[in-house]
Amino acid sequence: MTFAVTILAQDAAPAAGSMPGWFMPGKGLLAITLVIVAAAVMLSILWARSGRPIRIRKIAGLDAVDEAVGRATEMGRPVLFIPGIQDVDNIQTVAGITILGKVAKTAAEYDAEIEVPTTRSLVMTTAREAVHAAYMTAGRSDSYNPDRIYYVSDEQFAFVAYAGGLMQRKRPAACFYFGCFFAESLILAENGNSIGAIQVAGTAETTQLPFFVASCDYTLIGEEFFAASAYLSGEPDQLGTLLGQDLVKGVAWAAVLVAAVLATAAALTGHAGLAAFVDGARAALGGG
Amino acid sequence: MAVVLASLVGLVMVLTAFVRPLEFLGTAVVDWFNVLAAIAFVLGGANLLKMNLMKISARDAGWGYAAITVGAFLVTIGVGLLKVGAHPDPLHPDVALSGDKEAVGGAFWWLYEYAMSPITSTLFALLAFYVASAAFRAFRAKNTAAILLLGTAFIVLLGRVYVGVLLTSWIPADNAWVSWLRLENLSGIIMGVFNNAGTRAMMIGIAIGIAATSLKILVGLDRSYLGSGD
């Protein structure tokens, strides 16, 4: 507790802080937030492990995976999965690869062909590992074809040109876009829409979400995208992390509400102490 | 072993953000990743050649594009490696390959400037048409929510063009009770208050989601990225 108070004081006035030299100045609040998030998630995992039930709301986009892959199987067309256009050092790519594993398992069970073009060779290697594991889990390792997971180009629009051409030629019945996308999101999704594919997308790029919402059948918005792996696995450990996220969200919601009330009260009453407190809190949070 | 390694490295990377003596590791690991990615690029290049040569050999649909891809790939690599058209470095005029391959006037520069850049710009420009077709679908007034979306989009679009500003220019700008009704102000309120609030709510959820996902990877709960299945 003393440590937490000390680092918060240093955040507010770095020069006057009495923190040991090894701690980065101005990172106190971030460190405390990190500890709270980690504690909430870990406690929730323990809660879930103890066997207590955890209710999770339906995510239509993820429930549609079976339907989309099944449709592709019936139509004899491939399933297209694009894990974003960033490298494996991007958390969205990692989350996308996790979902790829689940989609590939369903494809293996249905004996549908899955095609994964990538923009980075390291993503290609990682995706191959995930898909291979999924085929083995489904007991269909003989059907696994590494040549269906391949590298195209690091260049954003070169990749889009290839993916667009692939969609028009092979006409996949189901298209999945899970990862980090930029301007290419709309070109990909509109191409998929034009060929009548069932499309499911998920990204944490808020600027691209409207494009996916407009062109795809289902879109996983922000946090839903990161919750997907837990939702699809159904394991208590994984579901526990969702409970932890909700707890932290509740804390954030309460903090926003209190801050809004205090800032409004400071503005309306002109109380100097309240205004100083609000300004201090804003400065500690890195606000302008 | 891979999980332990991933957890250990991940934990150290988290600490680099807070512990000053470990700060150098943050940049060092990024350098290591870049070296690894550069080596992996050879793997990617080899895979690109293999896939396209297979397509040409099998005369698959679109094999002509594959032939162009292979040709462009080899020409670009050849031009870059041999520094075609690049003048030797003034400090080493006798060494033929001492010049900068990307120097203005060189073949590599020419390829980027007159092939790569226009093609990229063309593809980017296509976005305008895709936006139009997506907007046409999204803004169809088929229910209450769609009508609200259409109305809001209409106000925001009009508030950002001269004709929109002109339409409500008769509303006095200096009267605080009515000036917000001017389209440029209404558009600003929608973007700055409603849109901003929604975006920030999403950003908070995303940040918490990223933290939880990272934690799952750090403690080895999520190993699917290593190919370990469920």
Side-chain angles (χ1 to χ4, degrees), chain A residues 21-24 27 31 34 37-38 41 45 87 89 91 94-95 97-98 101 120-122 124-126 129-130 132-134 136-137 147 150-153 155 157 160-161 165 169-170 183 186-187 190 204 206 211 213-215 221-223 225-227 229 233 237-238 241 244-245 248-249 252, chain B residues 14 17-23 30 33 36-37 40-45 47-48 50-51 54 60-62 65 69 116 119-120 122-124 126-127 130-131 133-135 137-138 199-200 202-206 208-217 219 221-222 224-230:
Chain A
W22 56 264
F23 194 83
M24 295 263 200
K27 294 283 184 80
L34 195 67
V37 173
V41 171
I45 291 170
D87 220 327
D89 59 339
I91 192 75
V94 177
I97 299 271
T98 303
R120 298 286 193 277
S121 37
L122 282 179
M124 174 187 78
T125 315
T126 318
E129 290 292 327
H132 190 204
M136 286 209 295
T137 309
D147 286 343
Y150 51 88
Y151 169 80
V152 177
S153 170
E155 280 292 330
F157 287 107
V160 169
R169 282 192 298 273
K170 288 201 169 181
L186 187 63
I187 302 180
E190 277 296 291
T206 49
F211 297 138
V213 170
S215 303
I221 297 172
E223 62 181 308
F225 170 47
F226 294 108
S229 65
S233 76
D237 281 0
Q238 299 254 21
T241 61
Q245 286 181 55
V248 178
K249 222 185 310 169
Chain B
V14 171
F18 301 102
V19 181
R20 209 193 293 262
L22 292 177
E23 196 178 3
V30 171
F33 179 81
L36 192 67
F41 189 74
V42 177
L43 184 73
N47 182 258
L48 180 83
K50 180 191 162 191
M51 295 304 298
M54 277 168 58
D60 273 353
Y65 299 117
T69 304
M116 185 74 195
I119 292 170
T120 303
T122 307
L123 275 161
F124 191 64
L126 281 176
L127 258 180
Y130 285 119
V131 166
S133 68
R137 253 198 331 277
T199 306
R200 282 180 183 172
M202 271 197 276
M203 296 292 284
I204 290 172
I206 288 167
I208 296 168
I210 288 175
T213 304
S214 306
L215 201 65
K216 274 195 292 185
I217 293 168
V219 298
L221 270 179
D222 189 347
S224 48
Y225 66 98
L226 292 170
S228 55
D230 290 336

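Letters go in sequence order (proteins before strands), and every chain restarts at 1. Since this is a predicted model, take the numbers as computed values, not measurements.
- Once rounded to the nearest 0.5 Å, the distance linking OG1 of A:Thr241 with CD1 of B:Ile208 reads 12.5 Å.
- Nearest heavy atoms, A:Gly222 versus B:Ile206: CA-CG1, 3.4 Å.
- Once rounded to the nearest 0.5 Å, the distance linking CD of A:Gln238 with CG of B:Asp222 reads 5.0 Å.
- Residue A:Thr98 holds its OG1 atom at 6.5 Å from CD1 of B:Ile217, rounded to the nearest 0.5 Å.
- For chain A, the option among B:Ala211, B:Gly45, B:Ser133, B:Ala135 with the highest count of heavy-atom pairs below 4.5 Å is B:Ser133.
- Between B:Leu48 and A:Val152, the shortest heavy-atom contact is CD1-O, 3.1 Å.
- Taking each heavy atom of A:Ser215 and B:Ala134 in turn, the nearest pair found is OG-CB, 4.0 Å.
- Interface remark: B:Val219 contributes side-chain atoms only to the contact with chain A (heavy atom separation under 4.5 Å).
- Ranked by non-hydrogen atom pairs under 4.5 Å with chain B, the options A:Ile187, A:Asp237, A:Ile97 are led by A:Ile187.
- Within the 4.5 angstrom heavy-atom criterion, only side-chain atoms of A:Thr206, from C-beta onward, approach chain B.
- Note on ring orientation: taking the six-membered ring where Trp is involved, the planes of B:Phe124 and A:Phe157 are perpendicular (angle over 60°, cut-offs 30° and 60°).
- Using a 4.0 Å cut-off between a side-chain N of Lys or Arg and a carboxylate O of Asp or Glu, A:Arg169 and B:Asp60 do not qualify as a salt bridge.
- Residue A:Ile91 comes nearest to B:Ser214 through the heavy atom pair CD1-OG, 3.8 Å, listed as atom of the first residue, atom of the second, then distance.
- B:Phe33 CZ to A:Asp87 CG: the interatomic distance, rounded to the nearest 0.5 Å, is 3.5 Å.
- Each of B:Thr122, B:Leu127, B:Leu22, B:Ile204 has some count of heavy-atom pairs under 4.5 Å with chain A, and the biggest count is that of B:Leu127.
- Interface check for chain A: of the options B:Met203, B:Met51, B:Arg137, B:Met202, the most heavy-atom pairs under 4.5 Å are formed by B:Arg137.
- For B:Ala40, the parts lying under 4.5 angstrom from a heavy atom of chain A are both the backbone and the side chain.
- Chosen from A:Ile45, A:Val248, A:Val37, A:Val213, the residue pairing most often with chain B at heavy-atom distances under 4.5 Å is A:Val248.
- Contact between A:Ala38 and B:Leu215 at its shortest, heavy atoms only, is CA-CD2, 3.7 Å.
- With a threshold of 4.5 angstrom between heavy atoms, B:Val30 does not approach chain A through any atom at all.
- At a 4.5 Å heavy-atom cutoff, the contact between A:Ile221 and chain B is made by side-chain atoms alone.
- Using a 4.5 Å cut-off between heavy atoms, A:Thr125 contacts chain B through its side chain alone, with no backbone atom that close.
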Derivation of the side chain to side chain contact (heavy atoms under 4.5 Å, CB included) call for A:Asp147 and B:Lys50:
CA-CA 9 Å; A:Asp147 286 343; B:Lys50 180 191 162 191; 2.9 Å; yes

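- Closest heavy-atom contact between B:Ala17 and A:Met24: O-CG, 3.6 Å.
- Heavy atoms closer than 4.5 Å to chain B are found nowhere in A:Ala227, neither backbone nor side chain.
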Apply side chain to side chain contact (heavy atoms under 4.5 Å, CB included) to A:Leu34 and B:Val14, showing your working.
CA-CA 10 Å; A:Leu34 195 67; B:Val14 171; 3.7 Å; yes

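- With values rounded to the nearest 0.5 angstrom, B:Leu36 atom CG is found 10.5 Å from A:Asp89 atom CG.
- We find the CZ-CD1 distance between A:Phe226 and B:Ile210 to be 4.0 Å, quoted to the nearest 0.5 Å.
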